[in-house]
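Remarks on the structure that follows.
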Amino acid sequence: MKRKFFWQPEAATAIIYWSLTMIVLFYSLILALEHTHPYWKSNLVLAVFFLFVYLGLRRTVSLEDTQLTICYARFWKKRIILFSDIDHICIEGRLLKISTGDGHWTAAFRKNDGVALAALLSQKTASQIISCGSEKQPPID
């Protein structure tokens, strides 16, 4: 069984990435509006925009039989987490946090995808899903 989920990094990083990607698109459109005929420079910048969109949508988490494979936007970076290495699974809103002996990994998912991935991981690893940080702290007097 192999199942894929799309993820984004923390909100600040995702906003910066997609904002810079949109700047490339607008720059391409500005170059295209400067000329009344097809312009090779605007088409080249538009191709760079589509490359950045592809890389941004390449962020996936693949759930396989014995491991969790995380693909990043950088095509050369891939992380593999074995189910036996997972210590804690924590859900906080749209964020899913996975703690291992080497460190932790945090990603934002669509609400239903994050819950489904956490449920599948808890079945595979036999670890409990923890709900993190949703309680409000009382004010300090």
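Please read all numbers here as calculations on a predicted model, not as lab measurements. The analysis underlying the following values was restricted to heavy atoms, covering all of them including side chains, and did not include hydrogens, waters or symmetry mates.
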Open item on the list: Run T69 and E64 through side chain to side chain contact (heavy atoms under 4.5 Å, CB included) and show every step you take.
Closed with: CA-CA 8 Å; T69 305; E64 298 169 9; 3.6 Å; yes
Task: Note, I81 side chain near I86 side chain (heavy atom, < 4.5 Å) - done: yes
- [ ] Apply side chain to side chain contact (heavy atoms under 4.5 Å, CB included) to F5 and L120, showing your working.
- [x] CA-CA 12 Å; F5 297 94; L120 288 172; 4.1 Å; yes
TODO: Kindly say whether F6 contributes a backbone atom to a donor-acceptor pair with the side chain of T60 at under 3.5 angstrom?
DONE: no
- [ ] Working to the nearest 0.5 Å, report the span between OG1 of T21 and CD1 of I16.
- [x] 11.5 Å
Task: Heavy-atom neighbours of Y72 OH exceed 12 at 6.0 Å - done: yes
Task: Nearest heavy atoms of R58 and R74, plus distance in Å - done: NH1-O, 3.7 Å
Open item on the list: Using every non-hydrogen atom in the two residues, find where P9 and A108 come nearest and quote the distance to one decimal.
Closed with: O-CB, 4.1 Å
Task: Same apolar cluster (I L V M F W Y, side chains within < 4.5 Å links), L46/F26 - done: yes
- [ ] Enter the distance from L68:CG to T100:OG1 here, rounded to the nearest 0.5 Å.
- [x] 10.5 Å
Task: Heavy-atom closest contact (Q8 atom, R59 atom, distance) - done: OE1-NH1, 3.1 Å
Task: Heavy atoms of other groups near R110 CZ, more than 12 under 6.0 Å - done: no
TODO: Taking the side chain as every heavy atom from C-beta outward, state whether L63 and F83 have any atom pair closer than 4.5 Å.
DONE: yes
Open item on the list: A quick test of your reading: do over 12 heavy atoms of other residues, nucleotides or ligands sit less than 6.0 Å from OH of Y39?
Closed with: yes
- [ ] Treating Ile, Leu, Val, Met, Phe, Trp and Tyr as nodes and any side-chain heavy-atom pair under 4.5 angstrom as an edge, say whether W18 and V24 lie in one connected cluster.
- [x] yes
Open item on the list: How long is the straight-line distance from CG of L31 back to OH of Y27, given to the nearest 0.5 Å?
Closed with: 4.5 Å
Task: Hphob cluster co-occupancy, V53 + L25, side-chain heavy atoms under 4.5 angstrom - done: yes
TODO: Taking the side chain as every heavy atom from C-beta outward, state whether L117 and W7 have any atom pair closer than 4.5 Å.
DONE: no
TODO: Give a yes or no on whether L51 and W76 share a hydrophobic cluster (residues Ile, Leu, Val, Met, Phe, Trp, Tyr; joining criterion: side-chain heavy atoms under 4.5 Å apart).
DONE: yes
Task: Contact summary for V45 and S28, nearest pair of heavy atoms - done: CG1-CB, 3.7 Å
TODO: Measure the spacing between CG of D87 and OG of S84 and express it to the nearest 0.5 Å.
DONE: 10.0 Å
- [ ] Please round to the nearest 0.5 Å and tell me the distance separating atom CD1 of I98 and atom CZ of R79.
- [x] 8.5 Å
- [ ] Taking the side chain as every heavy atom from C-beta outward, state whether Y17 and L55 have any pair of such atoms under 4.5 Å apart.
- [x] yes
Open item on the list: If you compare all heavy atoms of I80 against all heavy atoms of Q67, which two are closest, and at what distance to 0.1 Å?
Closed with: CG2-OE1, 3.2 Å
Task: W105 and V61, any side-chain heavy atoms less than 4.5 Å apart - done: yes
Open item on the list: Taking I30 as the starting point, is it possible to reach I23 by hopping between hydrophobic residues whose side chains are less than 4.5 Å apart?
Closed with: no
